[in-house]
Amino acid sequence: MVQMLPVIGVRLLDGRVGSTLLLQLLATSDEVTLERGYPEGERRYLSYCIRLAQQVGTTWDPLIHPGVTELLFGPAERAGPLPFTPSLVEPAALSRLMLAGMWAGVSQELRRTSPTARYYAEKLVRDGGMLVDSGIPLRLIDLVRDPRDVICSIRAFTGGGAVFGRTDHQSDDEYFERKIADYRDRLQVMAVTPAEVDRVLLRYEDLVEDLGGWADRLGAWLGLRLDAGSVLAGQAERRHHMTSATVAESVGRWRQELPADQARRIWDVLGPELEPLGYTAD
């Protein structure tokens with residue numbers, strides 16, 4: 001029987017929280033497999049499996065989903081849930097079983113190309129609950145950053161373009177409010193992670209201030225040897241990914257860059273979630 005490769009799942013508050021740096025660090029161990037090369041952690045095998053499994057678990061609706069003929073005999077790119085109402089299987093249970101089966105298959109291929117691998121790592125698209133329900137071995141790293149700095153970094157990185165969840169038709173105010181609501185949801189999901197899930201919460205501010213120390217701590221937690229020095233040595237090649245002149249200037253940048261009313265709004269909504277993580281109103 002093929003054994004599923006344990007997963008290091010990185011859950012993010014948003015982009016621009018140091019996730020690429022973290023995945024670069026994890027990638028310094030030959031016992032961690034992932035698609036290396038910038039941006040690390042973005043080419044997601046596991047999240048692809050989750051997406052397919054979610055289709056199976058979706059209840060078929062003939063008004064919006066393809067039926068038997070369209071799905072099975074139509075264009076190959078057509079996808080959807082089971083094209084009928086099943087009586088022999090329960091879609092949610094089948095979804096979990098199929099995710100486990102798919103991940104076992106992917107694990108076999110990953111072990112073929114990376115014989116020394118003990119873990120697979122990626123930035124998770126979903127919250128990880130489906131992985132636990134499917135019996136996939138999971139370690140979670142929840143990566144957060146002061147949302148006020150995140151907003152500043154996104155604006156500097158994108159120039160206000162339609163990325164990081166922004167649509168072409170959203171106003172600045174609409175996008176700003178949507179981001180705050182998303183951050184609240186994500187922080188609340190992280191806070192209620194079941195105790196039985198092996199999890200580390202990591203702040204961007206702590207990671208960039210002490211990459212070597214966190215390499216040691218995460219390495220001890222995972223039973224790996226991680227090399228912060230090689231990551232730091234390659235930072236000049238990744239300069240295009242940064243929006244501050246120095247790492248130190250990336251922390252607390254909101255005090256100079258974010259309008260005061262927006263800073264207050266973020267804290268008014270997210271303060272109860274941020275204070276337990278060590279962030280302050282000022």
- Item | Worked verdict on Arg78 versus Glu70 for salt bridge (Lys or Arg N to Asp or Glu O under 4.0 Å) | CA-CA 8 Å; Arg78 259 328 230 145; Glu70 183 181 358; 2.6 Å; yes

- Note on the structure: Closest non-hydrogen contact found for Arg16 with Val150 is O-CG2, 4.3 Å

- So, Ser95 side chain and Ala53 main chain: donor-acceptor pair closer than 3.5 Å or not? yes

- In terms of heavy-atom contacts, Val89 and Leu94 come closest through CG2-CD2, 4.1 Å

- If you take all heavy atoms of Glu273 and Gln188, which pair is closest and at what distance? OE2-NE2, 3.5 Å

- Item | Note, Leu12 side chain near Asp142 side chain (heavy atom, < 4.5 Å) | no

- Query: Do you see a donor-acceptor pair shorter than 3.5 Å between the side chains of Tyr279 and Glu205?
  - Reply: yes

- Between the side chains of Tyr204 and Ser19, does any donor sit under 3.5 Å from an acceptor? no

- Any side-chain heavy-atom pair of Arg265 and Phe176 under 4.5 Å: yes

- Please say whether more than 12 non-hydrogen atoms of neighbouring residues, nucleotides or ligands are located less than 6.0 Å from CZ in Phe84. yes

- When every non-hydrogen atom of Pro66 is compared with those of Pro83, the smallest separation belongs to O-CB, 3.6 Å

- Message: Measuring only between side-chain heavy atoms, which start at C-beta, is Gln3 closer than 4.5 Å to Gln108?
- Response: no

- Task: Answer yes or no: is there an ion pair linking Asp210 with Arg217, defined by an N-O contact shorter than 4.0 Å?
- Result: yes

- Message: Please give me the minimum heavy-atom distance between Pro147 and Leu13, naming the atom from each residue.
- Response: CG-CD2, 4.1 Å

- Message: Donor-acceptor pair, distance only, cut-off 3.5 Å: does the side chain of Arg155 make one with the backbone of Leu258?
- Response: no

- Query: Is the shortest heavy-atom distance from the side chain of Asp149 to the side chain of Ile151 under 4.5 Å?
  - Reply: no

- Message: Does Val132 form a side-chain contact (heavy atoms from CB on, under 4.5 Å) with Glu196? I'd like the steps, not just the answer.
- Response: CA-CA 10 Å; Val132 174; Glu196 62 269 20; 5.7 Å; no

- Proximity of Tyr120 and Trp103 rings by center, below 6.0 Å: yes

- Query: Knowing that exactly one of Arg178, Arg184, Lys179 qualifies, which makes a side-chain hydrogen bond (donor to acceptor under 3.5 Å, both in side chains) with Asp182?
  - Reply: Arg178

- Message: Check for me, please, whether Ile141 and Val231 land in the same ILVMFWY cluster - side-chain distances under 4.5 Å, paths through other members count.
- Response: yes

- Query: Does Ala27 offer a backbone N or O that forms a donor-acceptor pair with the side chain of Arg36 under 3.5 Å?
  - Reply: yes

- Message: Met190 vs Arg199, test: side-chain contact (heavy atoms from CB on, under 4.5 Å). Steps then yes/no.
- Response: CA-CA 10 Å; Met190 290 178 182; Arg199 167 185 178 258; 3.8 Å; yes

- Report yes or no: do Tyr45 and Val10 belong to one cluster of Ile/Leu/Val/Met/Phe/Trp/Tyr joined by side chain heavy-atom distances under 4.5 Å? no

- Message: For a 4.5 angstrom cut-off between non-hydrogen side-chain atoms, does Pro91 reach Thr59?
- Response: no

- Query: Any side-chain heavy atom of Tyr119 sitting closer than 4.5 Å to one from Leu5?
  - Reply: no

- Message: I'd like to know if the side chain of Ser134 reaches the main chain of Ile136, judged simply by a donor and an acceptor atom lying under 3.5 Å from each other, with no hydrogens or angles considered.
- Response: no

- Task: For Thr193 and Arg11, test the side chains for any donor-to-acceptor distance below 3.5 angstrom and give the result as yes or no.
- Result: yes

- Item | Side-chain donor/acceptor of Thr28 to backbone N/O of Gln24, under 3.5 Å | no

- Rounded to the nearest 0.5 Å, how far apart are CH2 of Trp267 and CG of Asp282? 8.5 Å

- Same cluster or not: are Leu72 and Leu52 linked, directly or through other Ile, Leu, Val, Met, Phe, Trp or Tyr residues, by side-chain heavy atoms under 4.5 angstrom apart? no

- Does any non-hydrogen side-chain atom of Leu140 lie less than 4.5 Å from one of Val200? no

- Task: Determine, stepwise, if the pair Leu21 / Leu211 fulfils side-chain contact (heavy atoms from CB on, under 4.5 Å).
- Result: CA-CA 9 Å; Leu21 177 66; Leu211 188 66; 4.2 Å; yes

- Task: Output the distance between atom OG (Ser250) and atom CD (Glu209), rounded to the nearest 0.5 Å.
- Result: 10.5 Å

- Would you check if the side chain of Arg118 reaches a backbone N or O of Glu31 as a donor-acceptor pair within less than 3.5 Å? no

- Item | Short side-chain to backbone donor-acceptor contact, Arg96 and Leu131, under 3.5 Å | no

- N/O donor-acceptor pair under 3.5 Å between Glu174 side chain and Ser171 backbone: yes

- Rounded distance (nearest 0.5 Å) linking atom CG of Asp133 with atom CG of Leu99: 9.5 Å

- Arg203 side chain to Leu277 main-chain N or O, any donor-acceptor pair under 3.5 Å? yes

- Flag yes if Ile180 and Tyr175 sit in one hydrophobic cluster, no otherwise; membership is Ile, Leu, Val, Met, Phe, Trp, Tyr, and two members link when side-chain heavy atoms are under 4.5 Å apart. yes

- Item | Contact check, side chains of Leu218 and Leu22, non-hydrogen atoms, under 4.5 Å | yes

- Item | Presence of salt bridge, Arg44 and Glu42, under 4.0 angstrom | yes

- Quick one: pull up CG in Leu202 and CG in Leu143 and give me the separation to the nearest 0.5 Å. 5.5 Å

- Neighbour count above 12 (heavy atom, 6.0 Å) for Arg43 CZ: yes

- Query: Passes side-chain contact (heavy atoms from CB on, under 4.5 Å), Val125 versus Leu46? Steps please.
  - Reply: CA-CA 9 Å; Val125 174; Leu46 181 58; over 6 Å; no

- Message: Under a plain distance cut-off of 3.5 Å, with no hydrogens placed, do Ser47 and Glu122 share a side-chain donor-acceptor pair?
- Response: yes

- Is it the case that more than 12 heavy atoms not belonging to Arg225 sit under 6.0 Å from its CZ atom? no

- Task: Please report the closest heavy-atom contact between Gly18 and Leu207, naming both atoms and the distance.
- Result: O-CD2, 3.9 Å

- Message: Could you measure the distance from the CG atom of Leu23 to the CD atom of Glu35? Nearest 0.5 Å is fine.
- Response: 12.0 Å

- Message: With rounding to the nearest 0.5 angstrom, report the CG to OG distance, Leu224 to Ser29.
- Response: 4.5 Å

- Query: Do Leu34 and Leu25 share a hydrophobic cluster, counting only Ile, Leu, Val, Met, Phe, Trp and Tyr and linking them when any side-chain heavy atoms are less than 4.5 Å apart?
  - Reply: yes

- Message: Under a 4.0 Å threshold between the charged nitrogen and the carboxylate oxygen, would Arg139 count as salt-bridged to Asp198?
- Response: yes

- Query: Between the main-chain N or O of Met4 and the side-chain N or O of Ser107, is there a donor-acceptor pair closer than 3.5 Å?
  - Reply: no

